[in-house]
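Below is the structure I would like to discuss, written out as structure tokens.
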Amino acid sequence: MQGLMMDTQLSVQLILERAKQFFPKKEIITRQANGTHRYTYGDFYKRVLQLASALKQLGIKPGDRVATFAWNNYRHLELYFAIPCIGAVLHTVNIRLAADQIVYIINHAEDQILFFDACFAPLVKHFAPELKTVKHFVAMDESPIEELRAESYEELLASQPTDFVLPKIEDENMAAGLCYTSGTTGHPKGVLYSHRSIFLHSMAICMADMMGLCEKDRAFPVVPMFHANAWGYPFASALVGATQVFPNHFMQPRDIIQLIDQEKVTVTAGVPTIWLGIMALLEHEKFNLENLRLIVIGGSAVPASMIEYFQKGYNIPVVQAWGMTETSPLGSIATVKSNLLSLSQQEQMSYRTKQGIPASCVQIRALDDDGKEVKWDGETRGELQVRGPWVAKSYFNTTERAEAFCDGWFSTGDVVTIDSEGYIAIVDRTKDLIKSGGEWISSVDLEIALLSHPKIQEAAVVAVPHEKWVERPLACVVPKPAFIESFGKEEVLEYLRGQFASWWIPNAVEFVKEIPKTSVGKFDKKRLRVMYQDFKWPGE
Ligand code: ADP
């Protein structure tokens, strides 16, 4: 049967028009070196049209990729909308990658224009000669940058009409965005988002049982706009007319918490390492966090101690979310279902520290080594597979890791259990599991336990080769500054002995100044593994 409902094409344009039509007075706020930049969705809309017109003039056609290389700020938000709204593809390049990876990504995407924050001019100058397809460089600033032959963003916009008519997005399946994964193995791989996937993903973020983002919210994702579209917040916020708060490059814990305080932020989101830094700061300084109604933490496993810290100390709910660049990224969220609320606090916590139940429209299953679906008993492990309207169907323009997409499912590389309530629990990433004498040890479980120790600031556990057992766990620990002198390695091991079987206990503990971080701020276990590959075990 045909023709039951109108065939409205879901698109980023729908989001933009709604923001302008119904929320023109709501604010977009960006911290800058010289104060705070504030304007409204109404002002924003006119500039998006000017930018769209400029993009057309620069020769951008539907399907062309346009790169951004920038912090979270209002100009970046304008690019987020103008590029897809003329049918082109917003490619957010990760500024923290090594120059050769940046060059690979931009050349692979065949980007036509590179928009960059002026502070990155020296970096851009360094890799610009190697870019094969970029025809225009635009500095997101008042002035051009002559030595790069980069135009000024503001000058580019100034001459454009504010009533440019956006072309119709005829097909919701057109590409709108492109993000590359950070490429722990092989080359970085691109994930293309469609207008439809961005729209549906935005709706999911706004569902009450997800993050319930709404018009009243003042949203501040501490996730970079070059990392999985800042977890979808810029689009979802515009859809509901929420106030948006951007930190620019002011990303230190004090900057973040001050912005939350000053701008009365209600919803924020970021990876655990960000919150570890903030918790350390809150030990010594006071800030007003009373407007915060929700902290979403994801990207790595969240320790119970972190959830309790904000809950008990500040009465702010922390919700854990799981996702990947390939899943837009919202995959699952660990809200506690009402039938579980009669459980003890401790039992409820065991659900909140899991990665949660899938977002609506996302389906899950876990397969064992023989490709059989594992039971949802909370114990049997398998590799998590997902499918849904905002899950990638393939990687962009490559056959690398094509095997991850099979029978309409995407294999995540995460080893999980699923319980009878449908809660996913990540045991580990396949590549981080520690293979000890034919058995698997979960580095995540050990890390979560270590991070709950009151004297530990950061911790990561990695596999190190072992003559007898193939691999054994090594714990790398950063003690909190107040305990550097008084904290011993034996104390660390003793703490774990109370919680894990003896063969799980790391063979050694290394005290380090800092755990290296990935380009998106997670503990960089790949780097740690390389650093310690020749580690001599005690007694060897
Ligand atoms: P990267 O490879 O750069 O980390 P992503 O940001 O796409 O790229 O990371 C996705 C991976 O992060 C997931 O496959 C999973 O291993 C991990 N992850 C994401 N959220 C969580 C979470 N809440 N708990 C544990 N691991 C998580």
Side-chain angles (χ1 to χ4, degrees), residues 92-98 101 105 178-191 193 201 210-211 221-232 269-275 295-304 306-307 318-335 351-359 362 364 366 381 383-386 390-392 395 401 404 410-417 423-433 442-448 451 460-461 516-527:
T92 50
V93 181
N94 183 336
I95 58 174
R96 296 213 185 98
L97 292 179
Q101 274 188 323
I105 286 172
L178 176 63
C179 272
Y180 280 71
T181 63
S182 37
T184 28
T185 48
H187 288 116
K189 286 170 275 296
V191 177
Y193 306 115
H201 183 264
M210 295 288 113
M211 289 140 202
V222 190
V223 190
M225 289 170 92
F226 56 75
H227 182 209
N229 291 336
W231 293 359
V271 293
T273 46
I274 294 272
W275 305 105
I295 303 178
V296 180
I297 309 185
S300 302
V302 183
M306 188 174 278
I307 299 175
V318 169
V319 176
Q320 165 157 214
W322 169 88
M324 308 177 71
T325 302
E326 290 87 337
T327 63
S328 289
L330 180 59
S332 67
I333 189 151
T335 38
Y351 285 100
R352 298 177 71 187
T353 50
K354 291 188 178 191
Q355 280 63 29
I357 58 170
V362 174
I364 55 167
R381 296 166 174 195
E383 184 183 354
L384 178 66
Q385 295 195 331
V386 292
W390 54 83
V391 176
Y395 288 116
R401 235 178 89 69
F410 166 64
S411 300
T412 62
D414 285 339
V415 178
V416 300
T417 61
Y423 283 73
I424 303 162
I426 296 208
V427 177
D428 221 330
R429 282 183 157 190
T430 324
K431 48 189 175 281
D432 290 336
L433 273 169
S442 157
S443 66
V444 171
D445 286 1
L446 290 166
E447 284 161 9
I448 288 291
L451 287 171
V461 178
K517 314 282 185 312
T518 68
S519 61
V520 295
K522 305 185 195 184
F523 293 140
D524 192 344
K525 302 195 356 184
K526 187 181 165 204
R527 209 144 104 216

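Indexing begins at 1, ligand by ligand and atom by atom, following the structure's order. Only a predicted model underlies this, so the values are computations on that prediction, with no experimental measurement involved. All heavy atoms count here, side chains included; hydrogens, waters and symmetry mates do not.
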Gln320 side-chain N/O to Ala334 backbone N/O, donor-acceptor pair under 3.5 Å: no
Please check if the side chain of Ser328 supplies one atom and the backbone of Leu330 the other of a donor-acceptor pair under 3.5 Å. no
Only one of Ile307, Ile297, Val302 passes side-chain contact (heavy atoms from CB on, under 4.5 Å) with Trp275; say which it is. Ile297
Give the atom numbers and elements of ligand 1 that come within less than 4.0 Å of a heavy atom of Gln320. 22 (C), 23 (N), 24 (N)
Using modelled atom types and a 3.5 Å cut-off, is there a donor and acceptor pairing between side-chain atoms of Lys525 and backbone atoms of Ala460? no
Would one find an N or O of Gln355, backbone or side chain, under 3.5 Å from an N or O of ligand 1? yes
Where the closest heavy atom to atom 22 (C) of ligand 1 is concerned, which of Ser328, Ser300, Gly331, Ser519 has it? Ser300
Hey, looking at atom 19 (C) of ligand 1, which of Ala425, Gly521, Gly298, Gly323 has the closest heavy atom? Gly323
Specify side chain, backbone, both or neither for Thr325, according to which of its non-hydrogen atoms lie closer than 4.0 Å to ligand 1. both
On a heavy-atom basis, I'd like to know which of Lys354, Arg429, Glu326 is closest to atom 10 (C) of ligand 1. Arg429
Tell me, please: is Thr518 in heavy-atom contact with ligand 1, that is, under 4.0 Å? no
Does the N or O separation between Val302 and ligand 1 drop below 3.5 Å for any pair? no
Would you tell me whether Lys517 and Thr273 have side-chain atoms, one donor and one acceptor, within less than 3.5 Å of each other? no
Residue of the set Thr412, Ile333, Val416 for which side-chain contact (heavy atoms from CB on, under 4.5 Å) holds with Trp322: Thr412
Tell me if a side-chain donor or acceptor on Ser519 pairs with a main-chain N or O of Leu97 at a distance below 3.5 Å. no
Give a yes/no verdict on whether any heavy atom in Gly299 is under 4.0 Å from an atom of ligand 1. yes
Within the 4.0 Å heavy-atom shell around Trp322, which atoms of ligand 1 are there? 13 (C), 15 (C), 18 (N), 19 (C), 20 (N), 21 (C), 23 (N), 27 (C)
Return yes or no for this condition: an N or O of Met324 is under 3.5 Å from an N or O of ligand 1. no
Please indicate whether any nitrogen or oxygen in Ala321 is less than 3.5 Å from any nitrogen or oxygen in ligand 1. yes
Option whose closest heavy atom lies nearest to atom 16 (O) of ligand 1, chosen from Val444, Asp524, Asp414: Asp414
Taking Thr92 for the side chain and Cys179 for the main chain, is one N or O donor matched with an acceptor at less than 3.5 Å? no
Would a distance-only check, ignoring hydrogens and angles, find a side-chain to backbone donor-acceptor pair under 3.5 Å from Asp428 to Ser443? yes
